[in-house]
Asker: 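Let me give you the structure first, and then I'll get to my questions.
Quick caveat, the model's predicted, so the values are computed rather than measured. All values below come from the heavy atoms of this structure, side chains included, with hydrogens, waters and symmetry mates left out.
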Amino acid sequence: MRVAVIPGSFDPITNGHMDIIHRASMLFDRVVVLVVVNTDKNPAFTPIERVLLIEKATKEWDNVIIDCYDGLLVDYVERVGACAIVKGLRAVSDFEYEFQMALYNKKLYPKAETVFMTTSPKNMYLSSSGVKQIAAFGRDISDFVPKVICDEIMQRLNQKKGE
């Protein structure tokens, strides 16, 4: 069985993320969307909340599972026996950082390949931080996030603004 891991903070998940997850689910037998804890970021949602949101958004895809992890990515990849780490790229600037991470990961766990997927042109500008900023001003984000979780995301981000 070919297993791929798609790591990210997904705070919140966007339609750009969904596009990469869906496309990867057609290439691999199982796809693990891995919510990773990034200590450099100030998340709006807890890791468990992000897992639950992603589960709702991907429930129609039988070969997609969601998990969270706060350790080294390659340790998780090895533990689940994944053959690939899938990373979405929006621009050349994404590639520079992701290429460096791919080299580290290959050195630490040579059995997994990093697969880069370019985002669909309609999603090239999307980022979780951009979505959070728009939502913080009360604007509609329904074109940017999965419809099934849009209200939950808006409710949280509007709540955060009021704190």
Asker: Does CZ in Arg30 sit with more than 12 non-hydrogen atoms of other residues, nucleotides or ligands closer than 6.0 Å?
Answerer: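 No, the 6.0 Å shell around CZ holds no more than 12 heavy atoms from other groups.
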
Asker: Using the rule that two of Ile, Leu, Val, Met, Phe, Trp, Tyr join whenever any of their side-chain heavy atoms come within less than 4.5 Å, decide whether Ile66 and Met1 are in one cluster.
Answerer: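 No; Met1 is not reachable from Ile66 via cluster members.
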
Asker: For Ile153 and Ile13, which heavy atoms make the closest approach, and how far apart are they?
Answerer: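 Smallest heavy-atom distance, with atoms named: CD1-O, 4.4 Å.
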
Asker: For the residue pair Leu157 and Ala135, what are the closest heavy atoms and their distance?
Answerer: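 Residues Leu157 and Ala135, closest heavy atoms: CD1-CB, 3.5 Å.
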
Asker: Could you state the interatomic distance from NZ (Lys132) to CZ (Arg156), rounded to the nearest 0.5 Å?
Answerer: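 Between atom NZ of Lys132 and atom CZ of Arg156 there are 11.5 Å.
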
Asker: Do the side chains of Val3 and Leu72 join up, straight or via other hydrophobic residues, at under 4.5 Å, putting them in one cluster?
Answerer: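 Cluster IDs for Val3 and Leu72 match.
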
Asker: Classify the side-chain pair His22/Ser25 by whether it contains a donor and acceptor separated by less than 3.5 Å.
Answerer: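 Per modelled atom types, His22 and Ser25 side chains form no pair under 3.5 Å.
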
Asker: Does a side-chain heavy-atom distance below 4.5 Å link Val115 with Ile85?
Answerer: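 Counting from C-beta outward, Val115 and Ile85 never come under 4.5 Å.
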
Asker: Would you check if the side chain of Asp29 reaches a backbone N or O of Arg2 as a donor-acceptor pair within less than 3.5 Å?
Answerer: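 Pair found, side chain donor or acceptor close to backbone of Arg2.
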
Asker: In Å and rounded to the nearest 0.5 Å, what is the CG to OG1 distance from Leu52 to Thr46?
Answerer: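 So the gap between those two atoms works out to 7.5 Å.
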
Asker: Checking Asn123 side chain against Thr119 main chain: does a donor-acceptor pair fall under 3.5 Å?
Answerer: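 Not a single qualifying donor-acceptor pair exists.
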
Asker: Starting at CG of Leu34, measure out to SG of Cys68 and round the result to the nearest 0.5 Å.
Answerer: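 It comes to 7.5 Å.
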
Asker: Mind running side chain to side chain contact (heavy atoms under 4.5 Å, CB included) on Trp61 and Met18 for me, showing each step along the way?
Answerer: CA-CA 11 Å; Trp61 302 329; Met18 293 293 292; 3.5 Å; yes

Asker: If you compare all heavy atoms of Ala112 against all heavy atoms of Ala84, which two are closest, and at what distance to 0.1 Å?
Answerer: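 Where Ala112 meets Ala84 most closely, the heavy atoms are CB-N, 4.4 Å.
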
Asker: Check for me, please, whether Ile21 and Val148 land in the same ILVMFWY cluster - side-chain distances under 4.5 Å, paths through other members count.
Answerer: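 Linked, Ile21 and Val148 end up in one cluster.
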
Asker: Check Val64, Val86, Ile6 against Phe28 for a side-chain contact (heavy atoms from CB on, under 4.5 Å) and give me the one that passes.
Answerer: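 When Val64, Val86, Ile6 are each tested with Phe28, the side-chain contact (heavy atoms from CB on, under 4.5 Å) holds only for Val86.
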
Asker: Applying side chain to side chain contact (heavy atoms under 4.5 Å, CB included), run through Asn105 and Leu73 and close with a yes or a no.
Answerer: CA-CA 8 Å; Asn105 292 335; Leu73 174 61; 3.9 Å; yes

Asker: Can Val31 be reached from Val77 by stepping across I, L, V, M, F, W or Y side chains whose heavy atoms are under 4.5 Å apart?
Answerer: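 Different clusters: Val77 never reaches Val31 through Ile, Leu, Val, Met, Phe, Trp or Tyr contacts under 4.5 Å.
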
Asker: Should Met154 and Leu53 be counted in the same cluster of Ile, Leu, Val, Met, Phe, Trp and Tyr side chains packed under 4.5 Å apart?
Answerer: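 Yes, one cluster joins them.
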
Asker: Do side-chain atoms of Arg50 reach the backbone of Phe45 as a donor and acceptor pair under 3.5 angstrom?
Answerer: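 At least one qualifying donor-acceptor pair exists.
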
Asker: Report the C-alpha distance between Leu89 and Met117 in whole Å, list the side-chain angles of each, state the deciding distance to 0.1 Å, and finish with yes or no for side chain to side chain contact (heavy atoms under 4.5 Å, CB included).
Answerer: CA-CA 6 Å; Leu89 299 176; Met117 297 182 86; over 6 Å; no

Asker: Please tell me if the side chains of Tyr69 and Arg79 come closer than 4.5 Å, counting only heavy atoms from C-beta onward.
Answerer: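 Heavy-atom side-chain distance check passes, below 4.5 Å.
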
Asker: Give me the atom names and distance for the closest heavy-atom approach of Asp140 to Ile134.
Answerer: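 Looking at all heavy atoms of both residues, the shortest contact is O-CG2, 4.2 Å.
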
Asker: Can you measure from CG (Asn15) to SG (Cys150) and round to the nearest 0.5 angstrom?
Answerer: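 Those atoms lie 9.0 Å apart.
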
Asker: Can you see which heavy atom on Pro43 is nearest to which on Asp11, and at what distance?
Answerer: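 Closest approach of Pro43 to Asp11: CA-OD2, 3.0 Å.
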
Asker: Will you find, in the side chains of Ser120 and Asp19, an N or O donor that is under 3.5 Å from an N or O acceptor?
Answerer: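 There is such a pair (donor and acceptor under 3.5 Å, judged by atom type) between the side chains of Ser120 and Asp19.
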
Asker: Would you find more than 12 non-hydrogen atoms of other residues, nucleotides or ligands less than 6.0 Å from Glu55 atom CD?
Answerer: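 More than 12 heavy atoms, drawn from other residues, nucleotides or ligands, come within 6.0 Å of this atom.
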
Asker: Any side-chain donor paired with an acceptor under 3.5 Å for Asp67 and Tyr76?
Answerer: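 Looking only at side-chain atoms, Tyr76 and Asp67 do form a donor-acceptor pair, the distance falling under 3.5 Å.
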
Asker: Once you round to the nearest 0.5 Å, how far does CG of Asp94 lie from CZ of Phe99?
Answerer: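 Asp94 CG to Phe99 CZ: 15.0 Å, rounded to 0.5 Å.
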
Asker: Could you tell me the separation between the CD atom of Glu49 and the CD1 atom of Ile54, rounded to the nearest 0.5 Å?
Answerer: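 It is 12.0 Å, given to the nearest 0.5 Å.
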
Asker: Kindly give the heavy-atom pair with the smallest separation between Arg90 and Met124, and that separation in Å.
Answerer: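 Distance-wise, the nearest heavy atoms are O-CE, 3.1 Å.
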
Asker: With a cut-off of 6.0 Å (strictly less than), are more than 12 heavy atoms of other residues, nucleotides or ligands near CZ of Phe116?
Answerer: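 Atom CZ in Phe116 is crowded, with more than 12 foreign heavy atoms closer than 6.0 Å.
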
Asker: Check for a donor-acceptor pair, side chain of Lys147 on one end and backbone N or O of Ser142 on the other, with a separation under 3.5 Å.
Answerer: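 Confirmed, Lys147 side chain pairs with Ser142 backbone.
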
Asker: State, with a plain yes or no, whether a side-chain heavy atom of Val131 is found less than 4.5 Å away from one of Val145.
Answerer: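 Result yes, sub-4.5 Å side-chain heavy-atom pair found.
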
Asker: Going by heavy atoms in the side chains, are Phe144 and Thr14 under 4.5 Å from each other?
Answerer: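 Sidechains of Thr14 and Phe144: no contact.
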
Asker: Let me see the working for Lys87 and Thr114 under side chain to side chain contact (heavy atoms under 4.5 Å, CB included), right down to the final yes or no.
Answerer: CA-CA 7 Å; Lys87 299 296 292 192; Thr114 298; 4.1 Å; yes

